[in-house]
Amino acid sequence: MAARTKSPAPSPGSSSGPSASGPSADGSPDTTAEGYLAQFLGAQTVRLGLRERKKQATRNAIRRATFTLIEEQGYDATTIEQIAAAAEVSPSTVFRYFATKEDIVLTDEYDPVMLAVLRERPEGEPPLASLRFLLTEAVKAVSAHEPEELRQRSRLIVEVPAVRARMTETMAQTSQALSVVLAERTGRAPDDLEVRMFTAAVLGALREAMIYWGERGFEEDLLAVVGRTFDLFERGLTL
């Protein structure tokens, strides 16, 4: 949800999979265990060719190996060479999929579909409502499918400065990409300052919500923390 992957994003006009307008007329998140975004990704994965499925399997193997090694011996002690050996690939293959070790920790499969889902939100939906739906569903999907990785990733964000710094950088990239889509939806220029500031503020708040959750040992419900984050924006950032 933070780092960008090279997975192919579904085409904006795709009609397969869950309804692009979301699971309910008012834009409220799906109430199923996996959530709307996970269903959307699953529908697109089914359509991937053999080559893309193999690439996805390789990415997943590298990520699983990385989290296992970090759990066993710590972040700093885990090397790319060890990750490659555990995933049964070469170090060059690891770097072909992930530019840095931090990216392996931070990358998930949901970022590539987020732009397509945002583009297909109901016409006229307020930008904050669109982002609330999208980011809540992203958190819901990761929580349902990768709960242990999510906790370990959040712990590393709190404890490892390099991971936190890379998270800030990759979330800024995600923010820029989302702001372009929001500009399209609101009839503004792609580099509109207000749109960029708005999107960056929301993504920055989500970053702080994840850190807050990790700092407190995951005791609070993450979706509730995210909900409180968006409630604050809906109140106009007043305390």
**Asked** Is D231 paired with R132 through a side-chain N to carboxylate O contact shorter than 4.0 Å?
**Response** yes

**Flag side-chain contact, heavy atom, 4.5 Å: R153 against R63** = yes

**Request:** Evaluate the side-chain contact (heavy atoms from CB on, under 4.5 Å) criterion for residues L150 and M210: first the C-alpha distance (whole Å), next the side-chain angles of each, then the deciding distance (0.1 Å), finally the verdict.
**Result:** CA-CA 10 Å; L150 176 61; M210 297 293 295; 3.8 Å; yes

**Asked** Does the side chain of I80 reach to within under 4.5 Å of the side chain of I104, using non-hydrogen atoms?
**Response** yes

**Message:** Test side-chain contact (heavy atoms from CB on, under 4.5 Å) on V105 and I70; report intermediate values, then the result.
**Reply:** CA-CA 10 Å; V105 170; I70 291 174; 3.9 Å; yes

**Request:** Side-chain contact test, heavy atoms from C-beta onward, threshold under 4.5 Å: evaluate it for E137 versus V117 and give yes or no.
**Result:** no

**Message:** Using every non-hydrogen atom in the two residues, find where F233 and A201 come nearest and quote the distance to one decimal.
**Reply:** CZ-O, 3.4 Å

**Message:** To the closest 0.5 Å, what do you measure between OG1 (T199) and CG (L131)?
**Reply:** 6.0 Å

**Prompt:** Under 3.5 Å, side chain of Q73 to main-chain N/O of A77, donor-acceptor pair present?
**Reply:** yes

**Request:** Measure from the side-chain N and O atoms of S154 to the backbone N and O of G214, and report whether any donor-acceptor pair falls under 3.5 Å.
**Result:** no

**Item:** Donor-acceptor under 3.5 Å (K101 side chain, T66 main chain)
**Value:** no

**Message:** So that I can tick it off, tell me whether E169 and R166 are bridged by a salt bridge, with the cut-off set at under 4.0 angstrom between side-chain N and carboxylate O.
**Reply:** yes

**Message:** Quick check: is L128 connected to V181 through a chain of hydrophobic side chains (ILVMFWY, heavy atoms under 4.5 Å apart)?
**Reply:** yes

**Prompt:** If you measure from CG on L232 to CZ on R228, what distance do you get to the nearest 0.5 Å?
**Reply:** 9.5 Å

**Request:** Can you sort out the partners of T93 under side-chain contact (heavy atoms from CB on, under 4.5 Å), two or more places apart, ordered by chain and number?
**Result:** T58, V89, S90, R96, Y97

**In one Ile/Leu/Val/Met/Phe/Trp/Tyr side-chain cluster, 4.5 Å: F198, L193** = no

**Request:** Find the distance between CD (E71) and OG1 (T78) and round it off to the nearest 0.5 Å.
**Result:** 10.5 Å

**Request:** Nearest 0.5 Å please: distance from the CD atom of E234 over to the OG1 atom of T229.
**Result:** 11.0 Å

**Request:** Walk me through it: do E184 and V180 pass the test side-chain contact (heavy atoms from CB on, under 4.5 Å)?
**Result:** CA-CA 6 Å; E184 293 173 359; V180 171; 4.0 Å; yes

**Asked** Same hydrophobic cluster for V142 and F218, using side-chain heavy-atom links shorter than 4.5 Å among ILVMFWY?
**Response** yes

**Backbone of A205 reached by a side-chain donor or acceptor of E208 within 3.5 Å** = no

**Message:** If only side-chain N and O atoms count, and only distance matters, is there a donor-acceptor pair under 3.5 Å linking Y75 with E102?
**Reply:** yes

**Prompt:** Is there side-chain contact between F67 and E148, with heavy atoms separated by less than 4.5 Å?
**Reply:** no

**Item:** E88 atom CD: more than 12 heavy-atom contacts under 6.0 Å
**Value:** no

**Message:** Is there a side-chain contact between L203 and L135 in this structure, where contact means two heavy atoms from C-beta onward sitting under 4.5 Å apart?
**Reply:** yes

**Prompt:** Do E220 and Y212 have a side chain donor and acceptor closer than 3.5 Å?
**Reply:** yes

**Asked** Of the non-hydrogen atoms in R196 and D191, which two are nearest, and what is the gap between them?
**Response** CD-O, 3.7 Å

**Item:** Carboxylate-amine/guanidinium contact E159 R164, below 4.0 Å
**Value:** no

**Message:** Working to the nearest 0.5 angstrom, can you tell me the gap between M114 CE and R119 CZ?
**Reply:** 12.5 Å

**Asked** Can you find a heavy atom in the side chain of Q152 that is under 4.5 Å from one in the side chain of E149?
**Response** no

**Prompt:** Can you tell me how far CZ of R59 sits from CD of Q56, rounded to the nearest 0.5 angstrom?
**Reply:** 5.5 Å

**Message:** Testing the basics here: between V195 and D192, what is the closest heavy-atom pair and its distance to 0.1 Å?
**Reply:** N-OD1, 2.9 Å

**Asked** Just by distance, do the side chain of T68 and the backbone of R64 share a donor-acceptor pair under 3.5 Å?
**Response** yes

**Request:** Answer whether the closest heavy-atom distance between the side chains of M171 and S175 falls below 4.5 Å.
**Result:** no

**Message:** Tell me the closest heavy-atom pair linking L118 and S130, and the distance in Å.
**Reply:** CD1-CB, 3.7 Å

**Message:** Can you confirm whether the side chains of T168 and R207 place a donor and an acceptor under 3.5 Å from each other?
**Reply:** yes

**Message:** If the condition is side-chain contact (heavy atoms from CB on, under 4.5 Å), which residues does L223 pass it with, not counting sequence neighbours?
**Reply:** T136, V139, K140, D221

**Complete:** Residues L106 and V163: closest non-hydrogen pair is CD1-O, 3.8 Å

**Message:** So which atom in R185 and which in R121 form the shortest heavy-atom distance, rounded to 0.1 Å?
**Reply:** NH1-O, 3.1 Å

